[in-house]
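FYI, side chains are in, hydrogens and waters are out, and symmetry mates aren't considered; it's all heavy atoms of this structure.
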2 protein chains.
Amino acid sequence: MSTVDNAQRAILQSMLRGELRPGLWLRQDELAKQMGVSKIPVREALQRLVARGLLSAERNRGIFVPTLSAEDAREIFGLRRALEPVLLRRSIPLMTEADWAEAEEALAGQGPTITESNWFFHRALYRAAEWSRGLAIDRDLHATVAPYVMLYTEELGGKNRSDRQHAALLKACRARDAERADKILMEHLEGAAAVLEDFLDNPLP
Amino acid sequence: MSTVDNAQRAILQSMLRGELRPGLWLRQDELAKQMGVSKIPVREALQRLVARGLLSAERNRGIFVPTLSAEDAREIFGLRRALEPVLLRRSIPLMTEADWAEAEEALAGQGPTITESNWFFHRALYRAAEWSRGLAIDRDLHATVAPYVMLYTEELGGKNRSDRQHAALLKACRARDAERADKILMEHLEGAAAVLEDFLDNPLP
DNA sequence: TGGGTCGAAATCGTATACGATTTTAGATGA
DNA sequence: TCATCTAAAATCGTATACGATTTCGACCCA
């Protein structure tokens with residue numbers, strides 16, 4: 001695995017964990033020194049993430065974590081509502097015990113942050129579909145909103161409903177009940193979208 | 001606009017036009033010389049396109065136009081079927097005369113290749129939705145299959161049905177008949193998917 | 001005190017350079 | 001003739017270097 005791949009994975013992981021606050025500038029020299037490499041591979045890793053929409057760039061100023069509007073959140077969750085049900089429906093008949101166990105593990109909250117655990121859970125549900133492009137698109141959508149989800153879970157702590165929905169969703173998957181799983185997923189996404197949009201529409205600061 | 005952006009746009013355009021045959025290796029030095037720049041910006045442009053799934057990379061060997069399997073085609077058109085109806089439904093109530101005119105122009109076949117004209121047509125239909133991320137994802141899906149669409153249109157020349165469907169789709173959009181437009185779009189995508197999958201399943205050489 | 005200007009520091013974008021890996025072609029021997 | 005080994009060429013990955021642009025603070029002046 002090349003240096004660029006390592007750098008990309010490290011930055012993507014930070015994004016998925018919601019560790020990078022919106023508006024933060026990612027300095028090439030700083031990241032390069034931190035990783036003990038020159039800035040060329042760091043630049044390429046950042047460029048890749050910009051190309052995928054996770055980061056934004058301004059010429060001669062650098063690369064930063066984008067600030068999302070409520071309209072952006074609507075789009076991102078709109079895309080997730082378009083994409084995830086398709087992945088789920090393909091997955092359900094193909095899922096194995098290993099997939100369910102992986103989802104269970106994510107539910108238990110092994111991940112260091114809520115956003116990362118959340119992605120691990122959804123990924124476990126969709127992996128059996130074996131649509132790598134679709135999964136990558138969905139991962140990027142998760143990573144894009146993660147910084148905001150972390151912000152409002154710190155303040156609102158509204159994690160319980162999401163957890164109950166996840167548990168019910170996994171149960172429906174185990175029963176291979178596509179109709180029911182689809183219904184729960186849509187409610188889940190609509191609920192999450194509503195919370196985030198409300199947060200973005202009514203900023204506290 | 002930076003050198004990287006220029007290089008990226010040039011390569012993406014070639015992809016959308018289907019000018020790059022599957023399996024072709026994109027040599028950094030060659031592209032750099034061709035564009036009159038060093039290979040650093042060329043590398044970054046290629047990395048961006050790899051990150052978006054349009055190109056593939058092998059460490060220490062370079063970057064090439066990926067060869068698609070029939071399964072890949074199923075995924076790509078499955079994603080388009082998930083994505084495009086959502087974009088279209090959002091667009092239809094918002095479209096203006098300018099959007100219809102742009103679609104009309106694409107239908108007339110101004111673009112240099114079928115694949116590029118096809119993308120211009122679809123883009124015109126979805127632009128009013130103002131979902132830039134969704135549009136970018138869709139563009140990349142179009143670009144990924146473009147090399148193959150060019151290959152089989154050269155041999156089969158089955159362009160007529162697609163054109164008729166496009167015309168009917170535009171007519172439904174002008175009438176703001178979302179139901180009908182949705183139905184035509186799905187038939188269109190299923191037809192295109194079937195042709196490509198058949199081509200990939202039964203390779204001529 | 002407030003606003004504007006200038007210069008130094010920081011940062012980015014790209015070119016050049018070089019070591020590492022892979023490919024290719026030719027020579028060798030069975 | 002064909003397989004295998006070897007050395008040269010091609011290509012990639014990364015570091016270093018430098019010019020260009022932006023940012024930021026000190027200074028001046030009203």
Side-chain angles (χ1 to χ4, degrees), chain A residues 1-15 19-68 136 143-144 147 205, chain B residues 1-15 19-68 136 143-144 147 205:
Chain A
M1 186 164 305
S2 73
T3 308
V4 178
D5 291 324
N6 287 327
Q8 186 187 20
R9 287 173 62 89
I11 300 169
L12 174 60
Q13 180 173 297
S14 290
M15 279 291 286
E19 293 171 350
L20 307 180
R21 280 182 319 181
L24 179 72
W25 288 90
L26 300 174
R27 301 300 173 191
Q28 303 177 351
D29 294 352
E30 190 181 339
L31 291 174
K33 186 174 293 183
Q34 191 176 314
M35 306 179 61
V37 298
S38 90
K39 71 178 186 180
I40 295 285
V42 172
R43 272 184 65 83
E44 293 186 0
L46 291 171
Q47 298 276 0
R48 287 189 187 179
L49 296 170
V50 169
R52 282 158 49 179
L54 277 72
L55 298 174
S56 297
E58 281 184 25
R59 176 170 170 99
N60 283 322
R61 293 196 60 203
I63 288 163
F64 60 98
V65 181
T67 299
L68 298 187
T144 305
Chain B
M1 187 163 304
S2 73
T3 308
V4 178
D5 291 324
N6 287 328
Q8 187 186 21
R9 287 172 62 89
I11 300 169
L12 173 61
Q13 180 173 295
S14 291
M15 280 290 286
E19 293 170 349
L20 307 181
R21 280 181 320 180
L24 179 71
W25 289 89
L26 301 174
R27 302 298 174 191
Q28 303 177 351
D29 293 353
E30 190 181 339
L31 291 174
K33 185 175 294 185
Q34 191 175 313
M35 304 180 63
V37 299
S38 90
K39 70 178 186 180
I40 296 284
V42 172
R43 272 184 64 83
E44 293 185 2
L46 291 172
Q47 298 277 359
R48 286 188 187 178
L49 295 171
V50 169
R52 281 159 48 181
L54 277 71
L55 299 174
S56 297
E58 280 184 26
R59 179 174 167 92
N60 283 322
R61 294 196 61 204
I63 288 163
F64 60 99
V65 182
T67 299
L68 298 186
T144 304

| query | Relative to the 5' end of DNA chain D, which residue comes earlier, Lys39(A) or Glu58(B), by the nucleotide with the nearest heavy atom? | reply | Glu58(B)
| said: Pick the closest DNA chain D nucleotide for Arg61(A) and for Val4(A) by heavy atoms, then say which residue is nearer the 5' end. | reply: Val4(A)
| task | Apply the test side chain to side chain donor-acceptor pair (under 3.5 Å) to residues Thr3(B) and Asn6(B): give CA-CA distance (whole Å), side-chain angles for both, the deciding distance (0.1 Å), then the verdict. | result | CA-CA 5 Å; Thr3(B) 308; Asn6(B) 287 328; 5.4 Å; no
| Does Glu30(B) come within less than 4.0 Å of Arg27(B), counting only side-chain N to carboxylate O? | no
| query | Going 5' to 3' along DNA chain D, which nucleotides are the first and last within contact of chain A (any atom under 4.0 Å from a heavy atom)? | reply | dT14(D) to dT23(D)
| request: Describe the nucleic acid contact of Arg27(A) in one word from base, sugar-phosphate, nothing, applying a heavy-atom distance below 4.0 Å. | output: sugar-phosphate
| Passing option when Leu55(A) is tested against Thr144(A), Leu46(A), Leu24(A) for side chain to side chain contact (heavy atoms under 4.5 Å, CB included) | Leu46(A)
| query | So Leu31(B) and Arg43(B), side-chain contact (heavy atoms from CB on, under 4.5 Å) or not? Walk me through it. | reply | CA-CA 9 Å; Leu31(B) 291 174; Arg43(B) 272 184 64 83; over 6 Å; no
| Non-hydrogen atoms of Ala7(B) and Met35(B) that approach each other most closely | CA-CE, 3.4 Å
